[in-house]
Amino acid sequence: MIPSFRWFGPTDPIPLASVRQIPGITGVVSALYDVPVGEPWPRARLARLQEQIESAGLQFAVVESIPVHDDIKLRRRGRDRLIENYSQSICSMGELGIPVLCYNFMPVFDWMRTDLAMRLPDGSTALAYDDAALAAIDLSRGTGDLPGWATAYAGPALAALLAAYRDVDAERLWDNLAYFLERVAPVAEQAGVRLAIHPDDPPWPIFGLPRIITDAAALERVVGLVDSPANGVTFCTGSLGANPENDLPAMVRRLGARIHFAHCRNVLVTGERRFHETAHPSAFGSVDLHAVLSALRDIGFTGPMRPDHGRMIWGETGRPGYGLYDRALGAMYLQGLWEGLTR
Ligand code: DNO
């Protein structure tokens, strides 16, 4: 297992030197965040990012993410050129020896919450989601009021995009994912890059948009779409754990070697489609991380693992979910569990 940490590049207020001081962390998870969605990533820029990471004594373990353009998810004209660009970025990763690519196939939005600073009893704050609160969000003003993801939309553009999805139900989206993977997985295999699809977060449809990467059957279906070791998954305990019906350790055992990356965090499910994030240890949430990591040990997991989101503690402010302190505590907890399980 490669203990890893997400770093948002040179504009991240958390310097790599601080990441390096978290005991055990060797892998960095990063991306070129300012390349417009759909364009190929300039190899020289990716190389520069890698150099920066390596000169801090760390390795560039995962690209998270190269966003998949909505025209690919919508099967619009022009998708072949976009897939071509995507493949070029994968080849650049391969040439530089960056081994894992985390991506997602969620329509329009990436992860979604309804409260970015829910106060927990200990005074810390955490990201929270409540389906009832989501229903009250007015999208006519665009994405401005919502938590961050790759693309921002003004009201009219967002309305047009949402309208385009009216013809794309879950099965159409599956077809479009298959079309994409049939083209990029062979490129990835050839380039020595492992693809790791991220589950939908939360794992159910939002704003009337289909979401398909939600449970065991879906993850097994993904890896079956193209039977290549390069076609794998990111096992995100927080996303999948928001649905109490998901048996996470059983999923790990079924997916086995197709798990290329682990995102580990905890959530407390407090109602139907309602949850908030918590500190990492099993005692605080609905996810039994000891059981998940035991399963990862049993399948011989050797990939990168990162503490996913953290709470805001000790007065820290900054990017919701991505402060330094609680994620560092999470990194230590995960490594402690892992040592206990593997030594
Ligand atoms: C949230 C992250 C996701 C993830 C993408 C992968 O904090 O886990 O935004 O990076 O879904 O494409």
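Source: prediction; values computed, not measured. Both ligands and their constituent atoms are indexed starting at 1 by order of listing.
- Below 4.0 Å from some heavy atom of Met106 lie the following atoms of ligand 1, by number and element: 11 (O).
- Distances from ligand 1 to the non-hydrogen atoms of Arg306 include at least one value under 4.0 Å.
- Relative to the ring axis of Phe180, Arg183 does not place its NZ or CZ within 45° and under 6.0 Å from the centre.
- Thr234 contributes no side-chain N or O that, together with a main-chain N or O of Cys102, makes up a donor-acceptor pair within less than 3.5 Å.
- The proximity of Tyr103 to ligand 1, defined as any non-hydrogen pair under 4.0 Å, is limited to the backbone.
- Within the listing of ligand 1, atoms 1 (C), 3 (C), 7 (O), 9 (O) sit less than 4.0 angstrom from a heavy atom of Trp111.
- Within the model, atoms CD1 of Ile14 and CH2 of Trp7 stand 11.0 Å from one another, a figure rounded to the nearest 0.5 Å.
- Annotation: cation-pi pair Arg306/Phe261 absent, no NZ/CZ under 6.0 Å from the ring centroid and within 45° of its normal.
- Among protein heavy atoms, atom 10 (O) of ligand 1 sits closest to Glu64 OE2, 2.5 Å.
- Taking every non-hydrogen atom of Cys102 and a distance limit under 4.0 Å, the qualifying atoms of ligand 1 come out as 6 (C).
- Below 4.0 Å from some heavy atom of Tyr322 lie the following atoms of ligand 1, by number and element: 1 (C), 2 (C), 7 (O).
- The protein non-hydrogen atom at the shortest distance from atom 8 (O) of ligand 1 is His198 NE2, 3.3 Å.
- For ligand 1, the atoms lying closer than 4.0 Å to a non-hydrogen atom of Ser65 are 5 (C), 6 (C), 10 (O), 12 (O).
- Atoms of ligand 1 lying under 4.0 Å from any heavy atom of His263, numbered from 1 in the order shown and given with element: 8 (O).
- Under the salt bridge (Lys or Arg N to Asp or Glu O under 4.0 Å) rule, Asp71 has a single partner from Arg81, Arg79, Arg76, which is Arg76.
- For atom 3 (C) of ligand 1, the closest non-hydrogen atom of the protein is Asp110 OD1, 3.5 Å.
- A donor atom on one side chain and an acceptor atom on the other are found under 3.5 Å apart for Tyr129 and Asp131.
- With a 6.0 Å radius and a threshold of 12 heavy atoms from other residues, nucleotides or ligands, Arg221 has its CZ atom above the threshold.
- Between the side chain of Lys73 and the main chain of Leu173, no donor-acceptor pair closer than 3.5 Å is present.
- Residue-level proximity to ligand 1 for Arg6 is carried by the side chain, the only part with a heavy atom below 4.0 angstrom.
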